[in-house]
Amino acid sequence: MIHIFVSVFHLSSAAVTSSCNPQGDFNLPVFMTSGDFTIGGIFPLHYRVELPPTDYIKRPLAAQCRGFDPRAFRWALTMTLAVEEINNRKDLLPNHNLAYSIFDSCATPVTAQKAVLAVLNGQDVVQSFICSGISYFSTCSCLSDRKQFPTFFRVVPSDDYQVKAIAQLLKRFGWTWIGVVTEDHDYGRFALQGLKREIENTNICLAYHEMIPKDYTQEQVMRILKVMKESTAKVVVVFSGEGEFYPFLREFVTQNITGIQWIASEAWVTASILAETYPFLDGTIGFAIRQGHIPGFQDYLKTVTPDRYPSNPQVQELWEALYGCSPSTSSLNSHLPSCTGKELLRKEHSAYMNTSSPRVAYHVYKVVYAFAHSLHNLIHCKPGNGPFENVSCANLNNVFPWQVKVPNDSIDCLSCPEDYWSNVNGTICVPKAVEFLSHDAMGITLTVIAVVGAFLTVTVLVIFLYNRGTPIVRVNNSELSFFILLSLTLCFLCALVFIGEPTSWSCMLRHTAFSITFSLCISCILGKTLVVLAAFTATRPGSNIMKWLGPTQQRIIIFCCTLVQVVICTAWLTISPPFPYRNTKYQQSKIILDCSVGSDLAFWCVLGYIGLLACVCFFLAFLARKLPGNFNEAKYITFSMLIFCAVWLAFVPAYVSSPGKFTTAVEIFAILASSFGLLFCLFTPKCYIILLKPEKNTKQHLMGKVTK
């Protein structure tokens with residue numbers, strides 16, 4: 001099926017070589033105007049062609065188009081509306097007028113080709129048939145061949161995309177046994193090939209494939225319906241235009257075939273006349289082309305009446321289709337009652353008047369404007385900046401149709417290498433932008449926060465070393481406090497390894513350094529929590545638990561807990577270490593540099609082990625939170641572990657869903673936030689007493705034995 005515009009331009013007298021006289025019967029245009037530049041439009045205003053009988057003795061009569069289609073007529077009027085709009089604009093093609101010449105293809109390729117020749121031969125000159133064409137509804141994947149169709153363009157996607165979507169739809173609903181019905185044209189054949197290709201390696205099977213014949217006969221259609229009725233396949237995919245499908249459905253109704261789930265192609269899924277005529281199509285699923293908005297469209301349709309166009313046979317047919325009456329005595333349907341031609345169009349004429357969400361009409365509208373903008377650019381081309389040879393512009397006295405096309409004259413479309421992307425004009429490949437967490441505004445901000453955190457931790461460590469003999473520092477083993485502060489310093493500093501272009505060493509170092517330093521830190525906090533519990537348990541009569549939790553035993557606990565993480569990281573680095581990764585799939589125009597974790601299992605084991613230590617520490621500290629004493633570290637440890645766990649629980653969904661360099665930024669944020677949480681919760685109360693309340697830095701006060 002052909003749905004296309006062809007461009008035919010005014011040529012100067014210098015280009016005239018001879019006159020052209022059409023031989024045979026060429027149909028007159030449905031609508032035609034004159035102007036500086038003419039756009040030819042071809043629309044399937046009728047469903048089918050009736051071929052006259054012939055005896056091969058005398059010349060056969062002309063073929064007759066039958067089955068008027070108000071929907072396609074509305075598409076044709078969209079073209080006339082767009083041209084009139086453009087001619088009334090001052091900013092688009094000023095001092096030039098567009099004209100149109102609209103023909104009926106009768107939904108038949110032969111008639112459509114005849115219409116194309118009628119458009120071209122409408123000029124008084126002989127010219128090369130190198131014309132540009134833009135289709136508003138031709139989706140056949142066969143037309144994507146740039147070598148065979150170098151000047152063909154379209155504003156609708158190829159069927160390659162539609163068959164992929166239909167295959168995914170079938171998989172989604174588990175429809176594995178299907179039938180396919182297509183029209184007997186390239187549109188149906190190539191769509192079937194594409195669908196077979198998409199379902200080839202799936203569990204979807206084809207029960208049958210039938211083709212609606214070009215030369216419609218009831219016998220052939222009944223044979224197809226017999227196959228459908230006897231088949232156990234209840235899902236039927238139909239690739240057909242509404243013109244071919246409409247008479248097929250007329251026979252389908254008579255066969256009492258039920259339980260069919262129809263999957264519609266874009267050619268008929270939004271055809272109102274089918275839905276209104278055949279209610280059993282309710283529930284049909286399909287993919288429609290994109291809709292848009294055409295300002296003033298409905299009001300314009302109301303102006304097209306037999307009263308305004310008394311000699312236009314298509315307008316007469318429109319009235320016959322909408323009202324079932326004939327506004328002209330010369331109508332072929334003389335058996336219809338007569339009417340005035342001034343009747344008001346009503347909302348129930350939805351196939352014609354439905355302009356709420358135009359789809360095909362919207363693409364017709366876009367095509368006309370595409371031609372207009374191309375012509376505008378051609379006319380206002382500046383010498384030395386043109387799209388033709390030696391960056392020249394077209395000769396405005398001799399503009400040819402082939403000159404209105406994209407500036408790139410290549411008929412080959414080549415894929416760019418993986419690290420390259422096409423420029424705006426699609427003429428050359430340019431390197432893709434490379435993205436990683438560099439020392440930009442975000443990177444510098446995170447660096448400053450990490451350095452400040454490390455500086456604060458070192459400051460607290462100096463304060464503790466200077467006051468290491470005081471009770472507040474010595475309580476619950478000062479050695480553990482020093483270990484915690486050293487490991488926290490390393491935690492802050494390891495965040496710096498995540499910033500900058502990933503390398504093999506930085507990728508391996510960033511995850512292992514972060515996991516081991518955090519394991520050391522949480523192990524020390526776990527040791528301190530055990531000491532708090534043991535210290536208060538030891539006050540009970542007969543308890544000797546402290547001899548099992550002395551300094552040596554505490555070091556062994558910390559060493560063993562950290563060693564487990566070291567073993568996990570060693571296995572990770574040995575079997576499947578992290579490595580730099582160039583992600584070219586997430587964004588086609590960018591290369592995202594990041595560190596792949598190598599082994600997802602190892603990565604989540606590392607995080608899981610840190611989480612396990614934190615949960616154990618939280619549980620033990622929670623048990624000891626109400627033990628006596630003015631300074632019970634257990635409640636501060638409980639709060640610090642609560643913050644730590646909350647940060648890392650929030651990290652998981654944020655890490656998985658963050659794009660590009662933000663994945664790394666999220667991980668750094670989690671490291672810094674949890675480190676600050678541990679530093680402030682564990683050491684702010686002690687620093688407060690050391691620096692601001694030294695009178696409370698006594699053993700009696702800490703034990704809660706101060707007398708008032």
- Give the intermediate values and the outcome of side-chain hydrogen bond (donor to acceptor under 3.5 Å, both in side chains) for residues Thr182 and His209. CA-CA 8 Å; Thr182 67; His209 166 233; 3.0 Å; yes
- Message: Looking at Lys234, I want to see if its NZ is surrounded by more than 12 non-hydrogen atoms of other residues, nucleotides or ligands under 6.0 Å.
- Response: yes
- Would you check if there is a donor-acceptor pair between the side chains of Lys528 and Ser481 at a distance under 3.5 Å? yes
- Message: Would you say Ser506 and Thr503 are linked by a side-chain donor-acceptor pair, where the criterion is simply a distance under 3.5 Å?
- Response: yes
- Does CZ in Phe676 sit with more than 12 non-hydrogen atoms of other residues, nucleotides or ligands closer than 6.0 Å? yes
- Determine, using ring centers only, whether His293 and Tyr362 are less than 6.0 Å apart. no
- Item | CA sep, side-chain torsions, deciding dist, call: Tyr609, Trp648, ring-ring contact (aromatic ring centres under 6.0 Å, His included) | CA-CA 12 Å; Tyr609 181 69; Trp648 286 99; over 10 Å; no
- Item | Aromatic ring proximity, centroids under 6.0 angstrom, Phe618 and Phe644 | no
- How about Leu169 and Phe287: do any of their side-chain heavy atoms sit closer than 4.5 Å? yes
- Item | Exam field: side chain Gln261 to backbone Gly283, donor-acceptor pair closer than 3.5 Å | yes
- Message: Walk me through whether Phe518 and Gln565 qualify under side chain to side chain contact (heavy atoms under 4.5 Å, CB included).
- Response: CA-CA 10 Å; Phe518 262 104; Gln565 191 70 288; over 6 Å; no
- Query: Going by heavy atoms in the side chains, are Val163 and Phe239 under 4.5 Å from each other?
  - Reply: yes
- Item | Closest non-hydrogen atom pair between Ala233 and Ile260, with its separation | O-CD1, 4.3 Å
- Task: Answer yes or no: is there a side-chain heavy-atom contact under 4.5 Å between Leu461 and Thr489?
- Result: no
- Give a yes or no on whether the backbone of Thr512 and the side-chain of Ser515 come within a donor-acceptor separation of less than 3.5 Å. yes
- Note on the structure: Closest non-hydrogen atoms of Ile484 and Cys524, given as atom of the first, atom of the second and distance, are CG1-CB, 3.4 Å
- Which is it for Cys560 and Ile556 under the side chain to side chain contact (heavy atoms under 4.5 Å, CB included) test, yes or no, and what are the steps along the way? CA-CA 6 Å; Cys560 290; Ile556 292 173; 3.9 Å; yes
- Message: Checking Cys507 against Cys595 for the disulfide (SG to SG under 2.5 Å) test, could you report, in this order, the C-alpha distance in whole Å, the side-chain angles of both residues, the deciding distance, and whether it holds?
- Response: CA-CA 6 Å; Cys507 286; Cys595 285; 1.9 Å; yes
- Item | Gap separating the OH atom of Tyr636 from the NZ atom of Lys686, nearest 0.5 angstrom | 10.5 Å
- Spacing of CG belonging to Leu490 relative to OG1 belonging to Thr457, to within rounding of 0.5 Å: 10.0 Å
- Message: Would you say that Gln162 contacts Pro157 through its side chain, given a criterion of any heavy-atom pair below 4.5 Å between the two side chains?
- Response: no
- Message: Can you confirm whether Val238 sits close enough to Val236 that some side-chain heavy atom of one is under 4.5 Å from a side-chain heavy atom of the other?
- Response: yes
- Query: So, the side chain of Ser438 versus the backbone of Gly500: is there a donor-acceptor pair under 3.5 Å, distance only?
  - Reply: no
- Message: Just so I know, are the side chains of Ser523 and Ile557 near enough to count as touching, which here means a heavy-atom distance under 4.5 Å?
- Response: no
- Task: Quick one: sort the Trp572 and His511 rings into parallel, tilted or perpendicular, breaks at 30° and 60°.
- Result: tilted
- For Arg510 and Phe498, indicate whether the former's side chain and the latter's backbone hold a donor-acceptor pair under 3.5 Å. yes
- Is the backbone of Leu281 close enough, under 3.5 Å, to the side chain of Thr284 for a donor and an acceptor to pair up by distance? yes
- Message: In the structure I gave you, are the side-chain heavy atoms of Phe651 and Leu607 within less than 4.5 Å of one another anywhere?
- Response: yes
- Atom pair CD1/SG of Ile637 and Cys617 - distance to nearest 0.5 Å: 6.0 Å
- Message: If I take atom OG from residue Ser640 and atom CG from residue Leu679, how far apart are they, to the nearest 0.5 angstrom?
- Response: 11.0 Å
- Note on the structure: Separation between CG (Leu678) and OG (Ser674), nearest 0.5 Å, reads 6.5 Å
- Salt-bridge contact Arg197-Asp160 (side-chain N to carboxylate O under 4.0 Å): yes
- For the student: nearest non-hydrogen atoms of Ala167 and Ile199, plus distance: CB-CG2, 4.1 Å
- Message: What verdict does the side-chain hydrogen bond (donor to acceptor under 3.5 Å, both in side chains) test give for Asp594 and Thr663, after you've listed the backbone C-alpha separation in whole Å, the side-chain angles of each residue and the deciding distance to 0.1 Å?
- Response: CA-CA 9 Å; Asp594 200 3; Thr663 304; 4.9 Å; no
- Query: Which atom pair, heavy atoms only, marks the closest approach of Cys561 to Leu526?
  - Reply: SG-CD2, 4.2 Å
- Query: Looking at Glu479 and Arg555, does any basic side-chain N land under 4.0 Å from a carboxylate oxygen?
  - Reply: yes
- Message: Contact between Ile668 and Leu437 at the side-chain level, heavy atoms closer than 4.5 Å - yes or no?
- Response: yes
- May I have the step-by-step check of side-chain hydrogen bond (donor to acceptor under 3.5 Å, both in side chains) for Thr139 and Asp159, ending in yes or no? CA-CA 5 Å; Thr139 59; Asp159 278 334; 2.9 Å; yes
- Looking only at heavy atoms, which two atoms of Ile643 and Gly677 are closest? And how far apart? CG2-CA, 4.3 Å
- Contact summary for Tyr420 and Pro431, nearest pair of heavy atoms: CD2-N, 3.4 Å
- Query: Below 2.5 Å, is that where the SG pair of Cys645 and Cys615 sits?
  - Reply: no
- Message: Quick check on the 6.0 Å ring-centre criterion: do Phe683 and Tyr688 meet it?
- Response: no
- Message: Check this for me: Tyr208, atom OH, are more than 12 non-hydrogen atoms of other residues, nucleotides or ligands nearer than 6.0 Å?
- Response: yes
- Roughly how far apart are Thr562 OG1 and Phe483 CZ, rounded to 0.5 Å? 9.5 Å
- Message: Quick one, Met442 with Phe662, criterion side chain to side chain contact (heavy atoms under 4.5 Å, CB included). Give me CA distance, side-chain angles, the key distance, then yes/no.
- Response: CA-CA 10 Å; Met442 183 189 298; Phe662 297 102; 3.1 Å; yes
- Item | Verdict with reasoning, Arg582 to Ser596, per side-chain hydrogen bond (donor to acceptor under 3.5 Å, both in side chains) | CA-CA 9 Å; Arg582 298 168 65 86; Ser596 173; over 6 Å; no
- Would you sort out whether Met641 and Ile525 count as a side chain to side chain contact (heavy atoms under 4.5 Å, CB included), showing the intermediate values? CA-CA 9 Å; Met641 287 298 101; Ile525 297 173; 3.9 Å; yes
- With Trp421 via ring-ring contact (aromatic ring centres under 6.0 Å, His included) - residues at least two apart: none
